[in-house]
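Working notes, beginning with the structure itself.
Values below: all heavy atoms of this structure, side chains included; hydrogens, waters and symmetry mates excluded. A, B, ... follow the sequence lines: proteins, then strands. Residue 1 opens every chain.
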4 protein chains.
Amino acid sequence: MPHSASSPKGRPGRPRSAAADRAILDATRAALVDLGWGKLTMGDVAARAGVAKTTLYRRWANKNELVVDAVAVLFDELELPDLGCLQADIEGVVRQFGALLARPETKTALMAVVAESTTDDALRERIRSAIVDRQKRLVVLGRERAQQRGELPPDVPGPEGALAAARTAGLIFDLIAGAIVHRTLVTAEPVDAEWAHRLSTVLLQGLGGLD
Amino acid sequence: MPHSASSPKGRPGRPRSAAADRAILDATRAALVDLGWGKLTMGDVAARAGVAKTTLYRRWANKNELVVDAVAVLFDELELPDLGCLQADIEGVVRQFGALLARPETKTALMAVVAESTTDDALRERIRSAIVDRQKRLVVLGRERAQQRGELPPDVPGPEGALAAARTAGLIFDLIAGAIVHRTLVTAEPVDAEWAHRLSTVLLQGLGGLD
Amino acid sequence: MPHSASSPKGRPGRPRSAAADRAILDATRAALVDLGWGKLTMGDVAARAGVAKTTLYRRWANKNELVVDAVAVLFDELELPDLGCLQADIEGVVRQFGALLARPETKTALMAVVAESTTDDALRERIRSAIVDRQKRLVVLGRERAQQRGELPPDVPGPEGALAAARTAGLIFDLIAGAIVHRTLVTAEPVDAEWAHRLSTVLLQGLGGLD
Amino acid sequence: MPHSASSPKGRPGRPRSAAADRAILDATRAALVDLGWGKLTMGDVAARAGVAKTTLYRRWANKNELVVDAVAVLFDELELPDLGCLQADIEGVVRQFGALLARPETKTALMAVVAESTTDDALRERIRSAIVDRQKRLVVLGRERAQQRGELPPDVPGPEGALAAARTAGLIFDLIAGAIVHRTLVTAEPVDAEWAHRLSTVLLQGLGGLD
DNA sequence: TACTAAGCGAGACGGTACGTCCGGTCTTTTG
DNA sequence: CAAAAGACCGGACGTACCGTCTCGCTTAGTA
């Protein structure tokens with residue numbers, strides 16, 4: 001998602017190199033792994049990508065924008081495979097997310113980007129739209145599937161029902177994502193099958209208590 | 001915790017100024033609030049503290065060490081007030097932690113420090129010992145209190161019982177801290193009384209399901 | 001004479017700014033007059049030149065190199081005007097050199113640079129090639145003119161004659177330059193017409209005594 | 001000549017260590033040889049002397065004062081031995097001065113101190129009184145001896161005679177000292193017996209031509 | 001086929017902060 | 001008191017990046 005002129009067609013002049021785009025994003029992720037956010041430099045990314053610094057700045061306004069774009073795509077690989085029952089589905093996605101965060105590139109990328117966002121509202125917004133909100137779909141999808149299977153009661157109809165559903169989805173998202181992130185980055189212990197099972201057990205059991 | 005020579009007594013030469021220590025740490029926290037990690041500069045901290053840059057470097061080897069030390073103390077204020085029942089205790093600590101993270105200084109500090117730690121093992125260890133582990137005591141204490149009240153069954157005696165208890169404490173810590181951090185820093189919505197209540201409800205209900 | 005890549009043609013990238021070169025050298029001379037070698041700082045020179053400090057360091061490796069280059073050109077203005085007879089020629093060049101060293105920029109520059117060279121062989125070589133050797137031409141030229149006028153006997157032919165001529169030229173150069181420098185910088189009295197006359201008289205008279 | 005309190009006797013308190021004085025001056029000369037003026041640091045001198053920096057500053061107000069004092073004594077060893085005739089006397093003192101300046105400590109010291117003086121009038125005055133003027137006695141003494149031997153005519157009596165004598169002495173001093181210094185420090189070739197002989201020849205022959 | 005507009009590599013540019021070093025002062029304890 | 005030790009402030013050092021700029025050259029589409 002480099003910030004280019006809008007009309008991709010018929011613009012005069014030499015077109016941007018798609019290969020450069022790819023090389024830059026790959027180089028950014030590689031540099032992030034090797035160096036972390038703080039030590040990553042635009043010059044180094046350019047050199048890794050075999051590209052001039054100008055080519056970076058023609059596409060992204062600054063380091064933040066570039067890194068967020070380079071990182072966002074990493075989180076798109078999460079899926080909710082249908083494993084037959086809600087608990088299995090939850091465990092599956094927990095393990096997936098845990099595995100994702102176990103990779104140094106994603107770990108570094110996520111934390112760096114979130115940290116930088118604490119004092120940069122525009123960046124925070126970009127992160128939310130590019131990364132976080134795209135994953136909430138997993139919670140919504142899992143809930144729908146469970147309702148179809150009869151494991152969860154259907155939504156209360158009407159606006160207050162929808163509101164309650166949204167609130168619960170938000171809580172679950174914070175719980176799952178937060179627990180995984182905390183275990184990975186702060187506690188620094190692995191998200192293994194056993195831990196995923198215990199987490200999903202607590203969640204399922206606990207959610208019953210929310211009216 | 002500046003890295004000073006060990007023997008505080010009878011060393012020859014002019015002793016380090018304790019006032020400078022304090023001024024520097026205060027200035028660091030203030031700068032962190034105003035500027036965030038990335039923009040914070042040693043020169044600025046020195047100027048705020050009314051101190052020469054050399055005085056900073058005499059005490060801390062670099063920015064990371066200084067900021068971690070400046071930040072660590074902020075998390076010591078968390079307590080577990082006895083509110084009569086386990087749910088109230090949990091809600092209380094959740095709200096406390098939420099309020100703590102709502103302050104810009106703590107929010108910025110925590111994330112910055114954690115992010116930096118993803119590529120710096122020494123820093124990660126320093127964080128864990130200086131910040132994280134000191135808060136696990138809250139979970140342990142809450143559990144003991146609830147057992148005394150009869151709200152939770154006593155620990156199974158023997159080593160495997162202790163192990164199970166430790167594992168559960170770890171899960172709870174990740175769940176509570178993770179959810180609060182995630183809500184505050186990623187979802188960017190407040191930890192209010194209502195959310196704290198829902199979280200504690202899920203937790204209490206869910207914990208019953210673990211064996 | 002900034003230390004740049006050799007080929008001035010067809011090099012890729014933005015070319016060095018010639019205006020910056022000039023501004024820096026001018027600023028260096030000005031700073032040298034105002035502050036002297038010891039107090040001269042690269043930051044100050046950069047500020048006077050309206051240039052970033054990096055631009056200085058891109059061209060010169062350090063203060064010494066910069067100042068020598070800035071100073072060297074000052075000594076190129078010396079000439080040997082044909083005043084009709086040898087004594088007048090000598091007096092002319094003595095007065096010229098005296099006037100040159102009377103200017104604070106040249107005085108400061110020369111001494112500073114020579115002093116620094118006493119412990120820096122590379123610097124000494126740079127000075128000799130950039131400043132000193134270029135002035136020996138005056139002695140050689142004056143001798144040739146006087147021989148054409150018949151005021152001095154022609155060189156003895158053969159290698160030993162050339163050697164003797166070179167030795168004498170060296171002695172004369174040390175005598176003239178040394179006396180002027182010493183009077184200006186150590187004795188700190190002016191090189192006026194009368195002193196120039198007395199010096200040239202001693203020299204002319206004295207040179208007759210060499211074989 | 002450290003700037004000490006005036007009364008050396010009966011002062012209360014612990015007396016200054018004379019050993020420290022000597023150690024400091026020796027260390028200063030040594031440091032000057034090793035490092036040159038520019039790189040010489042007070043801390044280094046103190047360390048070499050096995051003395052605290054405070055002890056330096058208690059005796060000398062700053063680097064300049066210390067170095068000039070350390071250097072001045074070096075030039076006191078010049079003498080004018082009576083070799084029987086004027087030319088031999090001159091050659092003798094030329095060789096002596098040449099040998100003196102061949103030593104790195106004197107070479108460095110003299111130039112450094114002179115260079116620093118070009119922008120510091122107080123320092124220049126201190127140098128003149130401590131170093132230069134003390135050597136003019138050699139010229140005056142040589143002249144007197146030659147007059148007693150009948151090699152030079154006696155001074156013209158009266159004030160204008162004295163003035164002329166002083167002027168000539170000044171010229172000779174500038175010529176001799178200047179030529180030696182220039183050859184040693186700029187031309188960077190040795191003052192050997194042959195060169196000394198040629199210099200004295202030119203001088204003696206040339207001086208006959210004055211009035 | 002030439003023209004034109006933009007992309008591109010290279011690298012200079014003005015800034016800003018880094019972490020180090022030194023000058024000269026101040027504050028301790030020890031003699 | 002002096003001396004040794006060393007902390008202190010101030011300020012310059014030379015380096016590293018940032019994000020911008022100016023070159024000469026390449027690569028399209030349009031005339």
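- If you measure from atom NZ of B:K39 to atom C1' of F:dC18, you get 12 Å, rounded to the nearest angstrom.
- Separating the CZ atom of D:R59 from the P atom of E:dG24 is a distance of 17 Å, rounded to the nearest angstrom.
- Counting only heavy atoms from C-beta outward, the side chains of A:V67 and A:T28 approach each other to under 4.5 Å.
- Distance, B:R16 CZ to E:dC26 P: 20 Å, rounded to whole Å.
- Across C:A49 and C:A23, no two heavy atoms sit closer than the pair CB-O, 3.6 Å.
- In this structure, C:T41 and A:P15 both approach DNA chain F, and ranking their closest nucleotides by distance from the 5' end singles out C:T41.
- The side chain of C:R14 sits closest to E:dA12 out of E:dA12, E:dG23, F:dA7.
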Determine whether C:W60 and C:V68 satisfy the following criterion, side chain to side chain contact (heavy atoms under 4.5 Å, CB included), listing intermediate values before the conclusion. CA-CA 10 Å; C:W60 291 276; C:V68 173; over 6 Å; no
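- The minimum heavy-atom distance linking A:A70 with A:R29 is given by the pair O-NH1, 2.6 Å.
- Computed from coordinates, the D:W60 CH2 to E:dT25 P distance equals 16 Å when rounded to whole Å.
- Here F:dC8 is the nucleotide among F:dC8, E:dG24, E:dA12 with the atom lying nearest to any side-chain atom of B:A20.
- Counting only distance, with no hydrogens or angles, the side chain of C:N62 and the backbone of C:E65 share a donor-acceptor pair below 3.5 Å.
- Between D:D21 atom CG and F:dA2 atom P the separation is 13 Å, expressed in whole Å.
- Rounded to whole Å, atom P of E:dG15 lies 13 Å from atom CG of C:L56.
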Evaluate the criterion side chain to side chain contact (heavy atoms under 4.5 Å, CB included) for residue pair A:R59 and A:D69; output intermediate values, then yes/no. CA-CA 11 Å; A:R59 291 161 158 79; A:D69 272 6; over 6 Å; no
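- When the side-chain nitrogen and oxygen atoms of C:R58 are compared with OP1 and OP2 of E:dC13, one or more of them lie within a distance under 4.0 Å.
- Listed for the D:D44 side chain is no donor-acceptor partner under 3.5 Å among the backbone atoms of D:A47.
- With the end axes of the helix from E:dT1-F:dA31 to E:dG31-F:dC1 each set by five pairs, the angle from one to the other reads 10° at 10° resolution.
- Annotation: side chain of A:T108 is not in contact with side chain of A:V33 (no heavy-atom distance under 4.5 Å).
- Rounded to whole angstrom, the span from the CD atom of C:E65 across to the P atom of F:dG14 amounts to 11 Å.
- Listed by residue number, D:M42, D:G43, D:K53, D:T54 are the residues of residues 42-55 of chain D with a heavy-atom contact under 4.0 Å to DNA chain E.
- If you take NZ of B:K63 and P of F:dC17, they are 14 Å apart, rounded to a whole angstrom.
- Note: A:I24 CD1 to A:M42 CE = 8.5 Å, rounded to the nearest 0.5 Å.
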